[in-house]
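Inspection log for the structure reproduced underneath, given as structure tokens.
Side chains included, hydrogens not; waters and symmetry mates left out as well; all remaining heavy atoms used. The chains referred to below are lettered A, B, ... by the order of the sequence lines, with proteins before strands, and numbering in each begins at 1. None of the values given here were measured: they were computed from a predicted structure.
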Number of protein chains: 2
Amino acid sequence: MIRILVADDHPIVRAGLVALLEAESDLEVIGTATTGVEAVEIALAERPDVVLMDLRMPELDGDAATAEIRAVAPEVKVVILTTYESDDAILAGVEAGASGYLLKAAPEQELLAGVRAVAAGEVALAPRVAAMLVTRVSRPATPPVALSPRELEVLRLVADGLSNRAIGERLFVGESTVKTHLLHVFTKLEVTDRTRAVTRAMELGIL
Amino acid sequence: MIRILVADDHPIVRAGLVALLEAESDLEVIGTATTGVEAVEIALAERPDVVLMDLRMPELDGDAATAEIRAVAPEVKVVILTTYESDDAILAGVEAGASGYLLKAAPEQELLAGVRAVAAGEVALAPRVAAMLVTRVSRPATPPVALSPRELEVLRLVADGLSNRAIGERLFVGESTVKTHLLHVFTKLEVTDRTRAVTRAMELGIL
DNA sequence: GCGCGTATCCACCGACCGGTGGATACCGCA
DNA sequence: TGCGGTATCCACCGGTCGGTGGATACGCGC
């Protein structure tokens, strides 16, 4: 039996979800919450298998509630359930630790399958969310910049927090040489300091 | 009609895939490749809608071939198709720009659905791959460190490449003050320089 | 061979950063 | 009311970084 907590501030939606879930023999709604704070309280007290969480809720939004639950009770899985949100909002939900992200517009069977998948330790993603995750991790097609092997080597050590002197010692060259490589990196990445160079390189996926 | 290129160094697998795909009325295999280099050549010459790409191939592995194709012809979608690989290998495929990642063990219908989804501009992910993407972007449950609002503000500006002086001006405080905040950040993140602080903060998901 | 570009190396200067030491103010708790 | 913890602020020193200028070597095309 999969124990479920339903968190949504719309009574209609709550009722619909509860009816849908209770009709299944292997699913059991152990509680409902109307705010983010309430969702966290019940989740921590009852430790359901799955929390069906709306993103927009009073007091504490779904992201924050998800993060709080996961911080204390990581074994409680959270499925974000929403009508439609911006890319950032969706990614925030996943980053907060949600194991699933479904749209309310999804067919009922898909929703039930999602809940069961998450309870089984898998993930449930709406196609749109999956596409966003892929683009998030995929590197830009053509690296707009080409660092020389030596420059890349130096930049990696800079990212590890080594000083120019320390980098020089590790590469058996003078400190000045390291600086020169770094300056070339700055030019190619169009930045003026080592810190921004590292973040730029990460944005460009070359680190 | 969806035009497909099959790239795999095993003749048996190639034959099986071609037979499966050609049996569908809306799918058409326009060529086969046995090495990564060959796959890139044919993909760029024929511009198929979808490339079914094995990860392990002679001369050029699937990741590299995918990246090359995507760099020149981003409209050609690539589906990585493999038996089983390590987490790193799978993520590398997605990072290289693959739109799909399926397992050869998947049911035939799932494979066909994946090809059609990718051709339609969506993504096709095996459950295992989806789970990996989620854990990749999700932040650690409990942020092991808690920066003060001011410290976080300063660190963000540091990540943008601003000097301490420039940060001070933007926040209407002295340069020394900025340094103090930064030193507190260093202590909390257990680092000794601004660059490593930024990378650590990114690792910890607090930036 | 000769020129051109690139990668790799180094020294010197001024400005900036990392570290120490200390001040003030707020908050919760006894 | 006092007391400890935290957040916020600042000045001064020595080491480091960012920038300029220049050297050597390799590959490539004519």
Side-chain angles (χ1 to χ4, degrees), chain A residues 37 60 64 67-68 71-72 142-207, chain B residues 71 142-207:
Chain A
V37 173
L60 197 68
E68 283 202 27
V72 180
T142 321
V145 290
L147 300 183
S148 80
R150 204 56 159 176
E151 288 162 359
L152 194 59
E153 207 170 358
V154 168
L155 184 56
R156 271 196 246 272
L157 295 174
V158 168
D160 284 338
L162 297 194
S163 70
N164 289 342
R165 174 193 302 271
I167 295 172
E169 286 171 3
R170 187 172 301 193
L171 300 182
F172 305 108
V173 297
E175 179 187 354
S176 308
T177 305
V178 175
K179 293 183 181 181
T180 305
H181 290 310
L182 219 32
L183 286 174
H184 292 162
V185 171
F186 294 167
T187 306
K188 290 181 178 177
L189 297 184
E190 297 176 340
V191 300
T192 54
D193 69 279
R194 61 210 287 112
T195 303
R196 191 74 241 279
V198 170
T199 58
R200 278 288 302 169
M202 286 182 165
E203 286 173 14
L204 297 173
I206 56 185
L207 252 188
Chain B
T142 321
V145 289
L147 301 184
S148 81
R150 204 58 159 174
E151 288 162 358
L152 193 59
E153 206 172 358
V154 168
L155 184 55
R156 272 196 246 272
L157 294 175
V158 168
D160 282 340
L162 297 194
S163 70
N164 289 342
R165 174 193 301 272
I167 295 172
E169 286 172 3
R170 186 172 301 195
L171 300 182
F172 305 108
V173 297
E175 179 187 353
S176 307
T177 305
V178 175
K179 293 183 181 179
T180 306
H181 290 311
L182 220 32
L183 285 174
H184 292 162
V185 172
F186 294 166
T187 306
K188 290 181 178 177
L189 297 184
E190 298 176 341
V191 300
T192 54
D193 68 279
R194 60 211 286 108
T195 304
R196 190 75 240 279
V198 170
T199 58
R200 277 290 299 167
M202 286 183 164
E203 286 172 14
L204 298 174
I206 57 185
L207 253 189

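At the heavy-atom level, A:Thr180 lies under 4.0 Å from base atoms of the strands shown. Contact annotation for B:Ser148: backbone-only contact, meaning every heavy-atom pair under 4.0 Å involves sugar-phosphate atoms and none involves a base.
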Report task. Under the side-chain contact (heavy atoms from CB on, under 4.5 Å) rule, what do B:Leu189 and B:Ile206 come out as? Steps first, then yes or no, please. Result -> CA-CA 11 Å; B:Leu189 297 184; B:Ile206 57 185; 4.1 Å; yes

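Considering every non-hydrogen atom in both A:Val154 and A:Ile167, the closest pair reads O-CD1, 4.0 Å. Heavy atoms only, all atoms of each residue included: B:Arg194 and B:Leu162 are closest at NH2-O, 3.3 Å.
If one axis is set at each end of the helix from C:dG1-D:dC30 to C:dA30-D:dT1 from five pairs, those axes are 40° apart, to 10°.
Proximity of residues 149-161 of chain B to DNA chain C (heavy atom under 4.0 angstrom from any strand atom) is not detected for any residue.
Per the geometry, CG belonging to A:Asn164 stands 10 Å off P belonging to D:dT16, to the nearest Å. As a whole-Å value, the separation of B:Glu175 CD from D:dC13 C1' is 13 Å. Residue B:Lys179 contributes atom NZ, which lies 12 Å from atom P of D:dC12 at whole-angstrom precision. D:dC17 atom C1' lies 15 Å from atom CZ of B:Arg165, rounded to whole Å. Whole-Å rounding puts the A:Arg194 CZ to D:dT16 C1' distance at 9 Å.
To the nearest 0.5 Å, atoms CZ (A:Arg150) and OG1 (A:Thr180) are separated by 12.0 Å. Atom CG of residue B:Leu182 and atom OG1 of residue B:Thr177 lie 12.0 Å apart, to the nearest 0.5 angstrom. B:Leu157 CG to B:Glu169 CD: the interatomic distance, rounded to the nearest 0.5 Å, is 12.0 Å. Between the NE2 atom of B:His181 and the CG atom of B:Asn164 there is a distance of 11.0 Å, given to the nearest 0.5 Å. Within the model, atoms CG of B:Leu155 and CZ of B:Arg200 stand 12.0 Å from one another, a figure rounded to the nearest 0.5 Å. With rounding to the nearest 0.5 angstrom, the CZ atom of A:Arg170 is 10.0 Å from the CD atom of A:Glu153.
Test A:Asp193, A:Thr192, A:Thr199 against A:Arg196 for side-chain hydrogen bond (donor to acceptor under 3.5 Å, both in side chains) and you get one pass: A:Thr199.
First and last contacts of DNA chain C with chain B, using any nucleotide atom under 4.0 Å from a protein heavy atom and ordered 5' to 3', fall at C:dC16 to C:dT20.
Taking for each of A:Leu183 and A:Leu162 the nucleotide of DNA chain D with the nearest heavy atom, the 5'-most of the two is the partner of A:Leu162. For the pair A:Phe186 and B:Gly174, both in contact range of DNA chain D, the more 5′-proximal nearest nucleotide belongs to B:Gly174.
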